[in-house]
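Notes to accompany the following structure.
Below, all heavy atoms of this structure are taken into account, side chains as well, without hydrogens, waters or symmetry copies. In what follows, chains are A, B, ... by sequence order, proteins preceding strands, each numbered from 1.
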2 protein chains.
Amino acid sequence: MKKKVIKNKLVELNPNVSVDCVIFGFDFEKLNVLLIDRGTTLGIPLALPGNLIYNSENLDEAASRVLEELAGLKNIYLEQIGAFGDPLRITKITDQEWLKAMRAEPSARVITVAYFSLVKMSDYVPQASSFAKNASWVSVQEITELAFDHLEILTTAKESLKQKIRRQPIGFNLLPEKFTLSQLHRLYESILEKPLDKRNFRRKIQKLDIIESLKEKQKGVPHKPSQLFKFNKEKYELLTKIGFDNFGF
Amino acid sequence: MKKKVIKNKLVELNPNVSVDCVIFGFDFEKLNVLLIDRGTTLGIPLALPGNLIYNSENLDEAASRVLEELAGLKNIYLEQIGAFGDPLRITKITDQEWLKAMRAEPSARVITVAYFSLVKMSDYVPQASSFAKNASWVSVQEITELAFDHLEILTTAKESLKQKIRRQPIGFNLLPEKFTLSQLHRLYESILEKPLDKRNFRRKIQKLDIIESLKEKQKGVPHKPSQLFKFNKEKYELLTKIGFDNFGF
DNA sequence: TTTGAAAGTGTATTAAGGACACAAAGTAAA
DNA sequence: TTTACTTTGTGTCCTTAATACACTTTCAAA
C-alpha cells in the first residue's frame, strides 16, 4: 500500500474509500458546479473533484482536504450527501493514486462518500495544482454526462441542497457579503428550479429577520440601483438556538 | 483477506467498509430500536446490527443482507443516513469477522454506512443466528449508551426519520395493515417527539386522502372501539408522481 | 429628453394551522 | 342492571401564512 509522509507522520491511503465533492457556485444567474477534466485524451467526461482518503483523517477532514488541495478553498460550507458505491466503481481506473494503491490490494473496490459545498464563485481562483488546472465551472443545467457514477451523485446533491435550503438559510454561502434581494431571489429560483413571485419572496425573506439592509446601494448599473443587504448570522444563530427551523420555501 | 464461497462465487469481505442498521419498530406506545448484545462479558454496551460488506455487493444490498441475516427481515423499508467513520472506529475489535480481515490488512480502518429501516414489530421473530439470538427491542428514549459511535448514528437516524416523515408518509411501514387513527397519531408523536393536537392531526391526515376507512372496527377493547384504516399506497404514489411532496407535519 | 431595464411596493383572497370541550360506545366491576 | 371507566370521535373560531397580481421609481445610455 502506498505510504506518504505528511507532517512527519506516516499516513496511508485507504484504497477502498474516496470522497467526492459537488462544489456549487452561483454566478447571479444560475447554479454552477466545479468540474475537473481528467482526460488525457479527448472525449472523457468531466468528473467531480475527489480523492482517496487517508486512514488518519475522518471523512469531513478528507472532504475539506480535497477542497483545499484541488480548489484552494478553505473554511467552506460542507455537507455530507451520503455514500455511493456498487462494485462497478472499480472502473475508476484513470486515477493514478488509486492505481498505485490498487497494486497492493488488487481485489478491492472503492466506495465514495459524497459532499456538497457552497462557495462564493469569487473565492475560487484556479490553482496551479496538477488536478485543478483543468477545473472549470459548468452550469448544472447543462450537465448530462459525468465520469463514473458522478451524475447520480450530482442529482442527489441537487435534491439534497433543495431540501436543505427549504429549512435553513444556507444560500448566503453562495453570495458575496453584500448582495441584493434580486440576487437572492434568483438564487432561490435556481436552486429550487421554479419561479417564485417577487413580492412574496421579498416579504417572506424580510420577515425572517435574518438579513440586514445596508446604507449602501448598487453602483454603475443601467437601471434603478438596488439596496444592498447582508446576512445577519448572529440573528440566525439565535433563532436556530431556540429551535426555530422554518426558514422554509 | 478472508474469502467465502457464496452461491458458487468467490466473494471477499471488504475490511474497510461496514453497514450498520438502525431498525425502528413501533409498539403502539413508543419508538423502539433493535439492538444486539455482542458482549461475552458483562458491561459491554449494546450495538446496532451491522457487518462488513462484500466487494461483490452494493451498499443497499449489503444493508438488506444484514437485515436478513441478523434479523430475518426481508423487503423492508430502508433509507441511507450517511457514512460515519473517523480513524477511531478502529476500536471495533470485538467483531470477529473484522479481526480476521484485519489480520491481512492490519493498518486499515473501518468506515460505516448507516441505514435506518422501518419494520412492523410483529414481523420480527428472533432468529437462531448466532448474532440475533442476542437481539432485543429497546425504547429509543432509554438509550444513553451504545458501542462504538453507534449513539451518534442513532441520533442522526432519529433526526433523519423526523425530517423524512415531515415530507413523506413513511410511517405506515411501522404499522400493521389495519390500524387506528390513534395509533397513527401516537406514532407521529413518538417520531416527532412532541404532542400533536388530536383533532388537528385527524383533520390533516384525512385531508391528505391517502388512508382509507375500512368497514371494520377494533374488537375486544374495554372502551369505544376504533374505526380501522389502511394506507392507500396507490393514491399516495399517484400524488407523489405529480410532484406533491407535502405530507408535512 | 427619451428609452430601456430592473427595483420596489400593497392589498385582497384563499388555504392552512392552532386552540379548545363534550357526547358516544364499549368493557368491567360493583 | 347500573355505574364507573376509558378511549373514540367530532366542529368552530381565530390567527397566521400563501398566493395572485400591476404600476411607479430610479438610474444609465442613446
Respond yes when some side-chain nitrogen or oxygen of A:S182 is under 4.0 Å from OP1 or OP2 of C:dA6, and no when none is. no
How many whole angstroms separate atom NZ of A:K198 from atom C1' of C:dT9? 9 Å
Within this structure, what is the NZ-to-P distance between A:K219 and C:dA7, rounded to whole angstrom? 18 Å
Between C:dA16 atom P and B:L208 atom CG, what is the distance in whole Å? 10 Å
Against the side chain of B:K207, the closest entry in C:dA16, C:dG18, C:dA6 is C:dA16
Can you tell me if A:K230 has over 12 outside heavy atoms packed within less than 6.0 Å of its NZ? no
Between A:R203 (CZ) and C:dA7 (C1'), how many Å, whole number? 17 Å
Can you figure out which of C:dA28, C:dC20, D:dA29 approaches the side chain of B:P222 most closely? C:dA28
Any idea which of C:dA21, C:dG10, C:dG26 is nearest the B:P225 side chain? C:dG26
What is the nucleic acid contact for A:T180, judged by heavy atoms within less than 4.0 Å: base, sugar-phosphate only, or nothing? nothing
Checking contacts here: which listed nucleotide (C:dA19, C:dT27, D:dA20) is nearest the side-chain heavy atoms of A:N200? D:dA20
Heavy-atom count check: over 12 atoms from other residues, nucleotides or ligands less than 6.0 Å from B:Q168 CD? yes
A:Q218 has an atom CD; how far is it from atom C1' of C:dA5, in whole Å? 12 Å
OP1 or OP2 of D:dG9 less than 4.0 angstrom from a side-chain nitrogen or oxygen of B:R202, does that happen here? yes
Once rounded to the nearest 0.5 Å, what's the spacing between atom OG1 of A:T156 and atom CD1 of A:I81? 7.0 Å
Here the distance between atom C1' of D:dC27 and atom CD of A:Q227, to the nearest Å, is 15 Å
Knowing that exactly one of B:F179, B:Y77, B:Y236 qualifies, which makes a ring-ring contact (aromatic ring centres under 6.0 Å, His included) with B:F172? B:F179
Has B:K224 got a side-chain N or O lying under 4.0 Å from the OP1 or OP2 atom of D:dG9? no
From NZ of B:K217 across to P of D:dG9 the rounded distance in Å is 7 Å
Let me see the working for B:N32 and B:S139 under side chain to side chain donor-acceptor pair (under 3.5 Å), right down to the final yes or no. CA-CA 4 Å; B:N32 295 272; B:S139 158; 4.8 Å; no
Mind calculating the distance between NE2 (A:H185) and P (C:dG8) to the nearest angstrom? 13 Å
Please tell me if B:S226 has a side-chain N or O lying less than 4.0 Å from either OP1 or OP2 of D:dG9. yes
NA contact type, B:K204, heavy-atom cut-off 4.0 Å: base, sugar-phosphate, or nothing? sugar-phosphate
